[in-house]
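Have a look at the structure below, then the notes.
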Amino acid sequence: MIMLSQKYIKITISLILFSLGFHPFALAQEAINSKIVKVGVYDNPPKIFMNKNGNPDGIFIDVLKSISKNEDLQIEYVAGNWSELFSKLENGEIDIMPDMAYSIERDSLFNFSMPVLNSWLQVFTTNKCIINKVEDLTNKKIGVLKGSTQEDFMKFNVKNNYNIDYSVFTYESYYNSVIALKKGEIDVIVADRFFYFSDLCDKEILPTGIVMQLSDVHFAFSKNINPALIKLFDKNITSLKNNPKSDFYISLKKWFNKNKTIIPTYLIWLIIILSFGLFVFLLFTLVLRFKVKAKTKILNDKNKELIKAKEKAEESNRLKSAFLANMSHEIRTPMNGILGFVGLLKEPKLSGEKQQKYIQLVEKSGARMLNIINDIVSISKIESGILDVHLSKMNINNQLQFVYDSLKLDADNKNLNLSFNCPLPEEKAIIKTDSEKFYSILSNLVKNAIKYTDKGTIEFGYANKGNEFEFYVKDTGIGIPKDRQEAIFERFIQADIFDKMARQGAGLGLTISRAYVEMLDGKIWVISEEAKGSTFFFTIPRNLDS
Ligand code: ADP
C-alpha cells in the first residue's frame, strides 16, 4: 500500500513537473521505476554472495535493498561467476554489478557509482607457509579471483615493482581458491580485505600483514544505463554513509562481527528439544503432584470418617454394655419385688388387708417390668430397622383426650394438676400419621412430665403451624441441666439426675420418642430450666395432600 502510494505520489509530482517544463527529469524517474533493474550476484562474501537458502546476501545486497525500498525500484538478481557477469555487464545483459574496484580500463567499459566501501588487497596463507614481507612471495603459488583487479595486480604490478617471480593461479570463486589452499595446491591467496570477514576464512587460514593496492569498490553500471539511475544511487549512497544509524552501518556491523559465537543448528535443536522435554517433565510433575495432593486429601477425609465411625462404634459398644448392665438391674428390681411379696403372701395367718396390699405391690412391680420389656423390644426393633410406618387419618383432639384419660389417675396420685389444650375444632384437627406411634410419643412425654414433677401443673396441647402441627408437654418439674438437653435424646443415655432410681427411669423413653418422631418426618426438642420445669416440643406434618 505504502509503496503504491509512494509510486503514485512520484508519478503525480512527475506530471506536475512535466507540465511546468521539467519533463526530462520526470521522464527519467518514471522510466527508472517502470524498468526492472538486473543486478549480477557473484561469490565474494561477505560483500556479496548467494546464501544457503539460494538468496542474494551481503553488504552490497543490504545497500541495494535499502536503495530499492527507498526509491521503489524493481530488482532482479542474476547469479553467476565474476567473469561471466563482467561480460554480461559489458554487453548490457545486466544493468548493475556491485562490488567493482575502479580502474582506467574498466572506466572505459562501465559507469561507476560513488565508492561504497574502501578496500585493499591482503595476503592470506596457512600455517604451512611463513610470509612476513612481499619478498617472501618469491617462487610461491598464488591464487586470485579470475578477472579481478588482483589478477592484473599480481600478474604485473608486484612482479615488476619488486622484481620477484611467482606463479599466479586463477579461480572462478574464493571458495575454489580456499579449497586449493587447504589442499596445498597453492601457498597463498590474494583477496580483498573483506575476505577475512567471510565464513570461508576459518581458523586454518591466516591473514598476513601484507596489504597492497588501496582501492574503493563501487556499483558498476552498464554503459547504456539511464544516467538518472546512477544519480539516484549516488544520492542514496551519500545519505546512507552520512547517517550512522542507516541500513549501511547496520549491515557493516552485522557482517564485520567476525568473532560472534555461532551456535550450530544441531545444538539449537538439542536445546529446543531439551527445553521442551524439561517443560513436559515439569508439567507432568506438576500434574502428578496435584493428583497426589487431591488423592491424599480424599484418603485423609476417608481416614477421618473411618476414625469417627470407629469412635462412634466404640462409644455405641460402650453404651450398649452399660445399657445391658442397667437393664439387668432394672429387671431385677421389680422381679425381686414380685418374688419378695409372693413369698410374704404364702404366710397362712396373713390378714386380708395385708394380702390386698402385697397383691397390689406385685401388680405394680409386674407392670413396671412389662414397661421395661416393652421399651427394650421397641428399641431393638428401632435398632434393627424393622419398624414400618402405617399412615391413616387421625383426630388429634381425640388422641389428646385419650392420653389425658389414661394418665389422669397417675397425675392425681401425685397431686399434680393435669390439663390439655385443643385450639382447633374437631373437623379441623385432622392429620394423616401413624396413630400408634403418635400415642406412644405423646404419652411417653406426659408420663415423663408426671415422673419428673413433684408439685404444680402439667399441660399439653398443640399449635397449628401451616403444614405441620407443633405439640408441647409443659411441666413445672425438676428441669434438665443445659448441658444434658441434647444428650437425653441419645440412645441409652439418661440425664444425670441424682435420684435416678427413685424416678425409676431406664433412659429409653426419649430415644424411642425421637426415633418415632423422625420416622413421621418431624422434629423433637426441649426447652428447660432446672428447678423450674421443662417443655418438650415435637412436630408432625399434616400429610393430608398425599
Ligand atoms: P427415663 O426412663 O429415664 O425417663 P427417658 O428417655 O424418658 O428415660 O428420659 C431420659 C432422661 O431425660 C430422664 O432420665 C430424665 O433425666 C430426663 N427427663 C425426661 N423427661 C423429663 C422431664 N419432663 N423433666 C425432667 N427431666 C426429664
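All ligand and atom numbering here is 1-based and tracks the order in the structure. Residue indices begin at 1 and follow the sequence shown.
- For Thr453, no heavy-atom contact with ligand 1 is shorter than 4.0 Å.
- Those atoms of ligand 1 that come under 4.0 Å of a heavy atom in Ile488, given as number and element, are 11 (C), 12 (O).
- Between Gly509 and ligand 1, at least one N/O pair is under 3.5 Å apart.
- Comparing heavy-atom distances from atom 10 (C) of ligand 1 across Leu510, Thr535, Thr511 singles out Leu510 as nearest.
- For ligand 1, the atoms closer than 4.0 angstrom to any heavy atom of Gly479 are 25 (C).
- Within the structure, ligand 1 lacks Gly477 among the residues with a heavy atom less than 4.0 angstrom away.
- Here the side chains of Ile540 and Phe471 are in contact, with some heavy-atom distance below 4.5 Å.
- Taking every non-hydrogen atom of Ile480 and a distance limit under 4.0 Å, the qualifying atoms of ligand 1 come out as 25 (C), 26 (N), 27 (C).
- Distances from ligand 1 to the non-hydrogen atoms of Lys451 include at least one value under 4.0 Å.
- Which parts of ligand 1 touch Asp475 is read off a 4.0 Å heavy-atom cut-off, strictly below it: atoms 22 (C), 23 (N).
- A donor-acceptor contact shorter than 3.5 Å links the side chain of Ser378 to the backbone of Asn374.
- Around atom NZ of Lys437, more than 12 heavy atoms belonging to other residues, nucleotides or ligands sit under 6.0 Å away.
- Near Ala449, the atoms of ligand 1 lying under 4.0 angstrom from a non-hydrogen atom of the residue are 23 (N).
- Under a 4.0 Å heavy-atom criterion, Phe489 is not in contact with ligand 1.
- When side chains are defined from C-beta on, Leu117 counts as touching Phe248, because their heavy atoms get closer than 4.5 Å.
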Show me the donor-acceptor pairs, under 3.5 Å and distance only, between side chains in residues 394-407 and residues at least two apart or in other chains.
{"residue": "Asn395", "atom": "OD1", "partner": "Asn397", "partner atom": "N", "Å": "2.9"}
{"residue": "Asn395", "atom": "OD1", "partner": "Asn398", "partner atom": "N", "Å": "3.1"}
{"residue": "Asn395", "atom": "ND2", "partner": "Glu426", "partner atom": "O", "Å": "3.3"}
{"residue": "Asn397", "atom": "OD1", "partner": "Tyr462", "partner atom": "OH", "Å": "2.7"}
{"residue": "Asn397", "atom": "ND2", "partner": "Leu424", "partner atom": "O", "Å": "2.8"}
{"residue": "Gln401", "atom": "NE2", "partner": "Asp405", "partner atom": "OD1", "Å": "3.1"}
{"residue": "Ser406", "atom": "OG", "partner": "Phe402", "partner atom": "O", "Å": "3.0"}
{"residue": "Ser406", "atom": "OG", "partner": "Val403", "partner atom": "O", "Å": "3.1"}
{"residue": "Ser406", "atom": "OG", "partner": "Tyr439", "partner atom": "OH", "Å": "3.3"}

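- Between Glu71 and Lys235, at least one side-chain N (NZ, or NE/NH1/NH2) sits under 4.0 Å from a carboxylate O, which counts as a salt bridge.
- Near Leu508, meaning under 4.0 Å from one of its heavy atoms, ligand 1 places the atoms 6 (O), 8 (O).
- Residue pairs meeting the side-chain hydrogen bond (donor to acceptor under 3.5 Å, both in side chains) criterion with at least one partner in residues 288-306, sequence neighbours excluded, are Lys297-Asp301.
- Contact annotation: the side chain of Tyr77 approaches that of Leu64 to within less than 4.5 Å [non-hydrogen atoms, C-beta and beyond].
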